[in-house]
Amino acid sequence: MSISASINIHLGERSRANLSLPDLFQNFVNEGWDYVNSNGEVTILPLGDVDDFDWTSATLNSDTLFDILKKAGTKGDNWS
């Protein structure tokens, strides 16, 4: 049995500025979104996961998580 969820985002600002993955994520956090589950873990796809969908949960501090997001953005990882 599996569970699926998705978020479709349509940005309304027309500044043509690039919004990085960490910046987008930080905006969600600023609006009250919480990414830590009830066990204190963050669930993410590992960097380089190509259609394996090998979700992993780990206790990560925000600096480590944002480093992962930065790497994902520069490597072109597709987390959609």
Side-chain angles (χ1 to χ4, degrees):
M1 178 196 228
S2 66
I3 297 174
S4 177
S6 65
I7 299 173
N8 295 320
I9 300 170
H10 299 276
L11 300 175
E13 188 174 324
R14 298 177 190 261
S15 68
R16 303 270 189 245
N18 283 337
L19 185 62
S20 70
L21 185 55
D23 290 341
L24 179 62
F25 203 83
Q26 185 62 56
N27 283 320
F28 280 126
V29 171
N30 293 347
E31 293 299 321
W33 187 60
D34 192 7
Y35 54 86
V36 179
N37 69 20
S38 60
N39 296 327
E41 298 174 327
V42 178
T43 301
I44 60 171
L45 288 171
L47 290 172
D49 185 289
V50 180
D51 295 337
D52 292 326
F53 304 106
D54 188 18
W55 292 93
T56 184
S57 295
T59 303
L60 302 173
N61 65 36
S62 61
D63 290 338
T64 302
L65 177 61
F66 278 83
D67 284 343
I68 292 170
L69 293 173
K70 286 177 191 172
K71 288 177 186 173
T74 59
K75 292 180 69 168
D77 277 48
N78 184 6
W79 286 353
S80 60

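These numbers come from the heavy atoms of this one structure, side chains and all, not from hydrogens, waters or symmetry mates.
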Residue set satisfying side chain to side chain contact (heavy atoms under 4.5 Å, CB included) with D34, at least two apart, ordered chain then number -> V36
Residues I68 and L47: closest non-hydrogen pair is O-CD2, 3.8 Å
With sequence neighbours left out, the residues meeting ring pair (Phe, Tyr, Trp, His ring centres under 6.0 Å) with F66 are F25
When rounded to the nearest 0.5 Å, the distance separating CG of D54 from CG of D49 is 6.0 Å
Tightest non-hydrogen contact, residues N61 and T64, listed as OD1-N, 2.7 Å
So CG of L45 and CH2 of W55: to nearest 0.5 Å the spacing works out to 4.0 Å
Tightest non-hydrogen contact, residues N37 and N39, listed as OD1-N, 2.8 Å
Looking only at heavy atoms, the pair that brings T43 and S57 closest together is OG1-OG, 2.7 Å
L21-W33 co-clustered via ILVMFWY side chain contacts under 4.5 Å: yes
* Could you give me the CA-CA distance, side-chain angles and deciding distance for E31 and N27, then say whether side chain to side chain donor-acceptor pair (under 3.5 Å) is met? => CA-CA 6 Å; E31 293 299 321; N27 283 320; over 6 Å; no
Separation between CG (L65) and OG1 (T59), nearest 0.5 Å, reads 12.0 Å
